[in-house]
Amino acid sequence: MSLTLKRIIMVTLGVLGACMVWPCLLAVQYYQTAFPGYLFFSLAQGMLFGLFFGAIFGSFEGIVVSSRPKAFKGLALGAAAGLVAGATGVLAGQSFLFRAAEEILSTWESGRDLGIVAANGVGWALIGLFVAMIEGFRSRSARKLLVGLAGGIVGGVMGGAALQALLFLFPSSQYALLAGLVLFGFFLSFCYSFFENRFSWGSVKLLNGPLKNKEYHLVKARMSVGTKSTCDIVLEGYRDVEPVHAWVGMRKGRMYVTSAQTERPLKVNEERTNEAQLRREDVIAVGSAKFMYGIFS
Amino acid sequence: MKKRVITGVIALAIAMHAAVAQEATITQIDPSSLLATQTVKLYLDAGRSSGPVDAATLKVSESADGVEWREVPVRSVKRNQNREEGISFYLLLDNSGSMWDGLDGKPTKDADATRVAHAKRAVNDFVSNLSVMDRVALASFNTNFKLVRPMSADASGIPSSLDGIKKPARDEAYTELYRSVAQAINGFGEDGRRKVLIVLSDGENFPLDAAASLARAEDGIDAANREGVTCYVVNFSESKDSQVHRVALESGGLVFDARDADELAGIYNSIRDNVLEEYTVTYTAAMLPGDRRYVKVESGGAEATRYYFTGTVLGSNTKPAAWYYLLFVCLPLLVWLALLLFRLERETDEAGIQLLYGAAGTKTKMFTLTGAQTVIGGSQAADITISGNPALKAEAATIVFDKTRQEYTITAGADLTVNNKPVKSKKLEPGDVINMAGTVVVFDNPTRTIVKGGKDGKK
C-alpha cells in the first residue's frame, strides 16, 4: 500500500468519524438544559467526540495491515482511550474558552466575533491534541504520542479554525457544524498521517504473498512481526511464520531486526540470523514472507 | 466649604447614576468557576434598594435571550467582601497636550498649576490610602497608550512613576480615549478580585487620524462587560466626551466632574468606598444554550441586568433530532465495514517480475513471465526491456521455467545480485529481489507462497 493510499484511508476515516459524531453532538446539545452543569455537559460531549474518533482512528492500523481482529481490537481500545482523551480534550478546550476568551476578546478593538474564532481555535487544538494522541496511548508508543502531539496541534488548529470560520459565517446552520467537523476530521487525520511519515525511521515493504506491496512505517521503537493479531505487522496467510516471529526496531540510531528465538528461522539476505543491523534494500525473510527495508514513500 | 462642595458633587453624581441605572447595578460578573462548579459570582451595588439585601430577599434570574427569565438559586450574599479580598484599581490618566494647561484651560508657566499636576497629586493621595489587600496599575494616554506601572500590590513606586509622565510632543498630544480605555480594561489580568478602572480625562476622543481610528465607545463597553471591569470616568474640564459616559454607566460605573486636586482626591476615594460597600452574590447558573447569558438581580424593588459569556467550544443546538441523523451514523459505518472487508492487496495470480527501482522517473511496473525462457535487459531485443538505465546490459539476465518442477531459475548475463548476494545462477523464490546494475526487480510466483490459512491452497 502506497503512502498516498494510506493517507486517503486515514483521511476517509477522519471524515467518517466526523460524520458519525455530528448527529450525536447535536442530540446532546439539544438536551443541554437537562444537564446539571457545564462540567457534565462538556464531559458528555467530549466522551462522545472521543468515542467516535478514537474508535475510528483505533481501527486504522488494522485496516491498513488487513487484519480484521486487529481492526476490531483497535476499535474497542481506541473507543476506550477516546472516551478519556475526548473528555479531557473538550474539558481543556472549554476551560480555556471560558477563562481566556474574554481576555482575548477584550484585546480586539473591533471584531469580537473573530476573537471568539481565535479562542475556539485554540480550544479545538487542545481537543485535536488529545484525540490524535489516542493511537499513541493505545499502542503504548512514545513516538506515536509525539506524532499525535504534532498532528493533533497542527490539525486541531487548522480544523478548528475551519470549523469556527464556518460557524462564524453560518451561525444558525447545523450543517456548518457538520462541514466544520468534516474539515476538522480531514485536517486532523491528514496532519497525523503527515507527521507519522515525517517521524518514521523508514519502512519495510512486503514483496510477496497476499499482502504484497504493503508498506509498514517504522514509527515505534520496537515493532513485532508474526501471525498474532496483536503484532504490529500481522502476517496472515504466510507459511512458516510464528505467532511472534521477530522484532524490528531502532537502537542507538540504528535499525535492527531480531529473531524472537523461535524454531523457525529469521533470514536477512538469505542468511539465518538472530539479530542483524538493517541497511537499505536488505531483504528480510520471515517464514515465506519477504520484506525489503528502505524508505519507499 | 470646599469639602461640602466636593461631597455635594459626588452625591449628585451618585444620585444621577442611580436614576439612570435603575437604582441597582451589577458592577462585575465573575464566571471563572462556571465550568468546575456551575457557580457565578457577581458584585452588586444595591443603590436605593429598600430593605435588607440577603439570600432570602434577593432574586437572581438568567436568560439566554433577555426575554424569558429563569430564576436560579442564590448560594450566598456577602457585604464588604471586597474589603477582605482587595480591589484591583487601574488608573488611566490623560496626558494629552491640554492636560498641561491650567485649570482654566489656558497655557501656564507654573508647573504646579497644570491639570496634570493636580491629577498627579490626587493619584498620590489616593494610593496612599489603599489597603494592603488592594492592587494598583497606572497608565497614561495621549496619541499613544503607555503602561507606566503594571498591576502590583506595591503602590510605593507610584509617586516616582508619576514623575516620569512628561509633556508630550505635538504629534503625541492627541486623545486616543476609546482605544486606551479598551487597552486598560485588558490590562487587569485574571486574579479573581474586583476590577475597577478609573479614567481621568480633560477632553473628547480626538485621535491623530480620526478617519483611520476604528476604536469606538462600544468597544470599551463590550470589553468591560466581557472582562468584568467597572469603569469610572472623571471629567477634568468643561469639555466632555459625548460617549465615554456610556462606558461608565453600561459597565456599572459612574461619571464624575472635578475641578481641582482636592475634588479629584475626594472622587477617587469615594469610588473606593462605593466599591467596598458592594454585595458579593454567588449563585448557581442555569443551563441554557447560547454564547451570551443575561443576568437579572431584583432586590427590594430595585433591578439590575448584565450579561456574561457562556459560549461552548462545541457549539449549541436548539433543534430536535431529525430522522436523517441516523443516516450519518449508518452510512459511515457501512463505508468503514467496506474498508475493513475489502482487501487492498492481493496475491499475484501469475508468475512475473515487478520493477521496484529503475531509472529516474520509472514507475513501478509488473511484467508477466509467460514463456519457458525470458530475457531481461536494456535492449529492445530482450523479452522484457527495461529502458533508461545505460548501465543495464542488453541481456542482463535470463529466467528459465522448468515445467516439470514448476521452478524458475535466473542466470546472470552480467553482474547481478539476488537478495543482495552476487549470483551466476539461482532458483528463484517468491519475493526474491534481483538487482541488475541498479535496476531492482522482485520476482513473484503464486504457487509458492500461501498455504496455512490461505484461500487458494495452491501448493
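To find a chain, count down the sequence lines: A is the first, B the second, and so on, and within it residues start at 1.
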- Item | Residue B/A322 versus chain A: region with a heavy atom under 4.5 Å | neither
- Item | Side-chain heavy-atom pair A/S42, B/L35 within 4.5 angstrom cut-off | yes
- Message: What part of A/L178 gets within 4.5 angstrom of chain B, counting heavy atoms only: side chain, backbone, both, or neither?
- Response: side chain
- Note on the structure: CG (A/L177) and CG (B/N317) are apart, to the nearest 0.5 Å, by 8.5 Å
- Among A/G37, A/G287, A/G62, which has the most heavy-atom pairs under 4.5 Å with chain B? A/G37
- Task: Provide the closest heavy-atom pair for A/E281 versus B/V440 in the form atom of the first, atom of the second, distance.
- Result: OE1-CG2, 4.2 Å
- Query: Checking B/S316 against chain A: side chain, backbone, both or neither under 4.5 Å from a heavy atom?
  - Reply: both
- Item | Nearest heavy atoms of A/F41 and B/M287, plus distance in Å | CB-CE, 3.7 Å
- Message: If I compare all heavy atoms of A/C24 with all of B/V329, which pair ends up nearest, and what's the gap?
- Response: SG-CG2, 4.5 Å
- Message: So, taking the atom named OG in A/S59 and the one named CG in B/L337, what distance separates them when rounded to the nearest 0.5 Å?
- Response: 10.0 Å
- Item | B/Q38 versus A/Y38, closest heavy-atom pair with distance | OE1-N, 2.7 Å
- Item | Interatomic spacing from CG in B/L340 to CZ in A/R68 - rounded to 0.5 Å | 6.0 Å
- Task: Under 4.5 Å, counting heavy-atom pairs only, tell me which of A/N269, A/V283, A/L39 racks up the most with chain B.
- Result: A/N269
- Do A/K267 and B/N419 come close enough that some side-chain heavy atom pair is under 4.5 Å? no
- Message: Under 4.5 Å from any heavy atom of chain A, what part of B/D432 do you find: side chain, backbone, both or neither?
- Response: both
- Message: Can you give me the closest heavy-atom contact between B/W336 and A/L75, atom names plus distance?
- Response: CZ2-CD1, 3.6 Å
- Item | Winner by heavy-atom pair count (cut-off under 4.5 Å) against chain A, out of B/L341, B/L331, B/T417, B/T284 | B/L341
- Task: Look up atom CG in A/N208 and atom CD in B/Q354, then write down how far apart they are to the nearest 0.5 Å.
- Result: 11.0 Å
- For the pair B/Y324 and A/W22, name the ring-plane relationship: parallel under 30°, tilted 30 to 60°, perpendicular over 60°. parallel
- Beyond-backbone contact of B/L356 with A/L207, side-chain heavy atoms, under 4.5 angstrom: yes
- Item | Heavy-atom pair of closest approach, residues B/P332 and A/M20 | CB-CG, 3.6 Å
- A/K212 side chain reached by B/V442 side chain, heavy atoms, under 4.5 Å: no
